[in-house]
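Quick one: this structure, given as structure tokens, is what I'll be asking you about.
Residue numbers start from 1 in every chain, and the chains themselves are labelled A, B, ... in the order their sequence lines are given, proteins ahead of strands.
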Amino acid sequence: MHMPPPDEGILARREEIVAALRAIVPGEGVIADQVGLRPYECDALSAYRAVPIAVVLPSTVEEVSAVLAWCHREKVKVVPRGAGTSLSGGSLPLVDGIVLGMGKFNRILDIDFENRTVTAQPGVTNLGITKAVEHAGFYYAPDPSSQIACSIGGNIAENSGGVHCLKYGLTTNNVLGIEMVLPTGEIVRLGGKHLDSEGYDLLGLMTGSEGLLGVVTEVTVRILQKPPVARAVLMGFPTSEQGGDTVASIIGAGIIPGGLEMMDRPAIQAAEDFLHAGYPLDVEALLICELDGPEVEVNHLIETVAGIARQHGATTIRVSQSEEERLLFWAGRKAAFPAVGRISPDYYCMDGTIPRARLAEVLAGMQEMSKRYGLRVANVFHAGDGNLHPLILFDANKPDELQKAEAFGSDILKLCVEVGGVLTGEHGVGVEKRDLMPTMFTEADLNQQIRVKCAFDPEQILNPGKVFPKLHRCAEMGRLHVSGGRIPFADLPRF
Amino acid sequence: MELLLPQSLAEAADMVAAALVEERPLSVLGQGGKLGLGQPAAQPTGLSTRRLSGITLYEPGELVLSCGAGTPLAEIEATLAERQQQLAFEPPDASAWYGAAPGQATMGGVFATNLAGPRRFKAGAPRDHLLGVQCVTGRGEAIKTGGRVVKNVTGYDLCKLLSGSFGTLAVMGHVTFKVLPAPEFTQTLAIFGEDLADLAARMRKAAGTAFEISGAALLPAGAAGRSGVGALREHGGAVALLRVEGVRPSVEDRMQGLVGEVVGRSLPHLVLAEESIELWQRIRDLRVLPDRPVLWRLSVAPTEGVAAAKALSGLGADLFLDQVGGQIFAVMDDPRAAEVRALVAGGGHATLLRASDEFRSTIPVFQPQPAPLAALAARVKNAFDPRQILEPGRMTLAA
Ligand SMILES: Cc1cc2nc3c(=O)[nH]c(=O)nc-3n(C[C@H](O)[C@H](O)[C@H](O)COP(=O)(O)OP(=O)(O)OC[C@H]3O[C@@H](n4cnc5c(N)ncnc54)[C@H](O)[C@@H]3O)c2cc1C
């Protein structure tokens, strides 16, 4: 993975840049010493690191606007950062740029139970929103596993998902409005407490745009009343096909569970060794299906789900009989990452999505690659929506193992695309999958996306080097050559 | 209008490329039933997707369907119904609002206009269900965006941008979208009252419970009279309607809870079962409103709905509120645009869904945006269509 070569001209202006930023954001809001910069040198994809010129921590939208306007004018690159939990290098700094940290934007601005909305600054954590409303029985549905740490602004940038997204949607389905600052420094508002957009759906475009189009400075989300009851079924299968078929049959029967997760044998083993949740160890696939809603509904559907599992040859079927047991079923799944972390010095988490029917084939392909690369792989899987999280086990201290793990990861993602899936379901392209984009998109596809980027950020100062494998000048992208004189279909019948 | 009828995406790309050479702007349409929505911008030549028709993939177990953009909505709905599935966003049969024969809508048109029905606040709009698109941009280039899976953050979500873009960015040729199970049972709680504000407050309360209502509309007496339900007409006053859907035992249980929580002892109410389906279709298609030339849709925070509705009544409108009170559909004789738009000044938007060409040549159909946002939208348009070849002037009034 290579980043664009740093701009020597910018590096030479380090002191001038820091001074200018200090004039905008006073006091401790600008960090420029090497020790202070350390914590910002990477995000959760810690294999990649870079120390930026400075970290700026504004606390008002006016400061954000002034910083961006100055950087735009002076062509200084800016990497927005929330909590730095990105798994794709989205908030990886650039050595010739600054990091714009949104950590001081940490206040909840408005709680409106009547309209079922919360308005928060972008640095508020995902869980912080739920915490602010749970006393009234409400919660914010999208729940990434990183929810105690990740920021709602980062969630917008990555369109984050979680276990509940099958039923309740991703970030994009739960955001009603934002305020953001364009790279030019202009402040705009999209949406609010009302539904739908008056013009182009720029809010939808912003969600999942990985910090490349604007800096989010305020967020309004929908909150929901917590379902009264949740129960889970734990199901073990001799083969992953049976597990996959069970998922298809549950959904085919008209049931959209609150959560539907799968683990493969290595993941089950690691989780069980770590937590002793009582997972069966003689199965190839473990499925956890959670149903939530009114008690009568949950009790009615849980029987149906258990029946479907039985038909598909489940060798273990356990229905949670208490809240404690339900949490125990989940404990292993939720701790799958740290559990795998225990059995390997390092692991690399992938995030492809596949059409679910191709699961068995993709798992088999991964086993074959695992042998070829000599690296183990464990799988946790948002089974309901086909989002795979293969964890590749490696040891960064051994020469070449990181490169091998990365190559293994690339091969998995290419396989996902081959079977009709995509490179990333929820972690973003960032720097990590940037160079794989051409496996999914043609040059024309990508150029159109870059043109959208140019509409927002003509100088390309926001998070350059991420998402797109090649940087193009905006002027070059905008050109259109009309092939003169050629009129195809002049003879086609017209009605 | 002369029509171009491509039979493949490549053909459509060649047609747009030819239009660029000839500097001949195109209208973009399926069957053309909703051409009356937008500024009057009909071009001498239209590019219709109606021959890009047919389902190419339907996997009920994966909740996904792909089809040509010209595929009739009716065909999709019939296919889904066979497997007890549906389009959760409940697209209205909007062609009828513009005098076209009902039942002609195409899927391309459904997404290009992004119109949703009463389930919008719970299930989302077309934009929330569109997963992938193959299209031809105003540069004459065939591109794709998205995919066939729900969880996908690979690249910008251009599906959102294309939803509700009225053909101004690209011609959608092939669409892939999410489908969902259809509810096996539906009931509707009707609460009668005189005070719109009180009924609206009860709707908001209902939406804030865990009873998962999937429709919340407020019909003043006039609309209640046109609801097609005898009991609502006979009561003669306003009625709040709350829909509950799902498996039967759950619906019955939630309905009981809902009655206890939002009706209390004081108000007359009743629970509708068989009439429910037809009733919500009438609401979805705006058939509870009388036939008057001008149609507005206002979108505001639910708490602001009743005040706006009262002001609209003061302007002589017939109306009803949907989406827990956050959306108002109003019909009137003259647009009264300045007064109507003033009602959303505190947040929201007003769309002039229908009016004569004359009115729509001087009144912005879509809510005007602040200058930086309007400029950004124009740059986005240019990014797809630098020569203004696709639907020029459909979404913005010429300055
Ligand atoms: C242990 C672990 C578990 C995880 N589990 C999940 C999961 O279940 N589901 C899931 O979807 N993700 C998961 N993630 C990934 C990550 O938590 C999410 O992507 C999260 O949304 C990132 O938020 P952040 O605040 O940390 O953003 P950062 O990492 O700081 O930034 C992420 C991106 O957002 C941009 N950005 C941040 N703030 C703003 C802003 N205000 N305006 C504009 N752009 C901004 C950055 O430039 C960057 O491109 C997990 C990560 C970890 C470490």
Side-chain angles (χ1 to χ4, degrees), chain A residues 113-116 158-159 161 173 186 188 192-196 198-201 204-205 208-209 225-228 248 251-252 254 293-294 296-297 300 353 355-356 385-387 420-426 428-429 440-441 444-445 448-449 451-452 454-455 480 482 484 486-489 494-495, chain B residues 2-4 14-15 18 20-21 60-63 84 120 124-125 127-128 137 139 141 143-144 147-157 160-161 163-165 181 204 207-210 247 249-250 253-254 299-303 323 326 347-349 366-367 369 372-373 377 379-380 383 386:
Chain A
F113 289 124
E114 281 224 59
N115 287 312
R116 297 176 299 126
E158 302 286 10
N159 188 18
N173 312 110
E186 290 164 295
V188 299
K193 291 182 182 180
H194 56 275
L195 295 172
D196 299 317
E198 70 283 353
Y200 294 140
D201 187 357
L205 176 65
S209 65
Q225 186 67 210
K226 240 182 133 118
I251 290 173
V296 282
E297 174 175 325
H300 175 80
T353 306
R356 228 182 317 91
D385 40 33
N387 189 195
V422 301
L423 294 171
T424 171
E426 57 183 14
V429 176
M440 210 175 124
F441 294 111
D445 299 341
Q448 189 53 50
Q449 297 199 25
R451 284 187 200 101
V452 169
C454 291
L480 172 62
V482 171
R486 188 179 60 104
I487 305 181
F489 301 106
R494 296 178 181 192
F495 297 85
Chain B
E2 174 194 49
L3 282 189
L4 300 172
D14 281 343
M15 288 169 175
L20 280 167
V21 174
E62 305 223 8
L63 304 174
Q84 288 80 49
R120 166 73 183 91
R127 54 91 79 179
D128 293 285
T137 67
R139 304 171 58 91
E141 292 167 348
I143 64 156
K144 67 165 180 311
R148 53 160 289 193
V149 292
V150 176
K151 278 284 229 11
N152 179 11
V153 293
T154 324
Y156 297 138
D157 191 350
K160 296 281 184 302
L161 204 48
S163 302
S165 67
R204 293 196 297 273
T209 65
V247 291
S250 168
D253 181 66
R254 283 183 285 152
S299 186
V300 293
T303 45
Q323 312 299 341
H349 47 89
F366 302 95
Q367 180 78 26
Q369 298 178 311
L373 200 50
R379 293 199 298 275
V380 169

Of the non-hydrogen atoms in His194(A) and Ser299(B), which two are nearest, and what is the gap between them?
CB-OG, 3.7 Å

For chain B, find which of Thr353(A), Ile251(A), Val296(A), Asp445(A) contributes the most heavy-atom pairs closer than 4.5 angstrom.
Asp445(A)

Which one, Gly252(A), Gly204(A), Gly425(A), leads in non-hydrogen pairs under 4.5 Å with chain B?
Gly425(A)

Pick from Pro249(B), Ser163(B), Pro386(B): which one has the most heavy-atom pairs with chain A under 4.5 Å?
Pro249(B)

Given salt bridge (charged side-chain N to carboxylate O under 4.0 Å, His left out), test Asp201(A) with Arg127(B) step by step and report yes or no.
CA-CA 9 Å; Asp201(A) 187 357; Arg127(B) 54 91 79 179; 2.8 Å; yes

Comparing Gly147(B), Ser165(B), Ala125(B), Gly348(B) against chain A, the one with the most heavy-atom pairs below 4.5 Å turns out to be Gly348(B)

Measuring from atom CZ of Arg139(B) to atom CZ of Arg451(A), what distance do you get when rounded to the nearest 0.5 angstrom?
3.5 Å

Heavy-atom closest contact (Ala455(A) atom, Ala383(B) atom, distance)
CB-CB, 4.5 Å

Any side-chain heavy atom of Glu198(A) within less than 4.5 Å of one from Leu373(B)?
yes

Are the side chain of His349(B) and the backbone of Asp196(A) linked by a donor-acceptor contact shorter than 3.5 Å?
yes

Tell me, side chain or backbone of Gln84(B) under 4.5 Å from chain A's heavy atoms, or both, or neither?
neither

Is a donor on one side and an acceptor on the other found under 3.5 Å between the side chain of Asp157(B) and the backbone of Gly208(A)?
no

Nearest-0.5 Å distance, CZ of residue Phe441(A) to NZ of residue Lys144(B)
6.5 Å

Which atoms of Arg356(A) approach chain B - backbone, side chain, both or neither, heavy atom under 4.5 Å:
both

With only heavy atoms counted, which part of Glu114(A) is less than 4.5 Å from chain B, the side chain, the backbone, both or neither?
both

Do you know which of Gly208(B), Ala377(B), Gly326(B), Pro60(B) has the most heavy-atom pairs under 4.5 Å to chain A?
Gly208(B)

Just so I understand: if I count every heavy-atom pair under 4.5 Å between each of Val247(B), Thr154(B), Thr209(B) and chain A, which residue has the most?
Thr154(B)

Pairwise side-chain contact, Leu195(A) with Arg120(B), heavy-atom cut-off 4.5 Å (strictly under)
yes

Which one of Leu161(B), Leu63(B), Val150(B) has the most heavy-atom pairs closer than 4.5 Å to chain A?
Leu161(B)

Among Gly421(A), Pro294(A), Pro355(A), the residue with the most heavy-atom pairs under 4.5 Å to chain B is Pro355(A)

Donor-acceptor pair, Lys226(A) side chain versus Ala210(B) backbone, under 3.5 Å?
no

Could you tell me if the side chain of His300(A) sits less than 4.5 Å from the side chain of Ser250(B), heavy atoms only?
no

Heavy atoms only, distances under 4.5 angstrom: which of Thr424(A), Asn159(A), Val188(A) has the most pairs with chain B? Name it, please.
Thr424(A)

Which heavy atom of Asn115(A) sits nearest to which heavy atom of Pro302(B), and what is that distance?
OD1-CD, 2.9 Å

Partner chain B: residue of Gln448(A), Glu186(A), Glu158(A) with the largest heavy-atom pair count (under 4.5 Å):
Gln448(A)

So which of Leu20(B), Thr303(B), Val380(B), Asp253(B) has the largest heavy-atom pair count under 4.5 angstrom toward chain A?
Thr303(B)

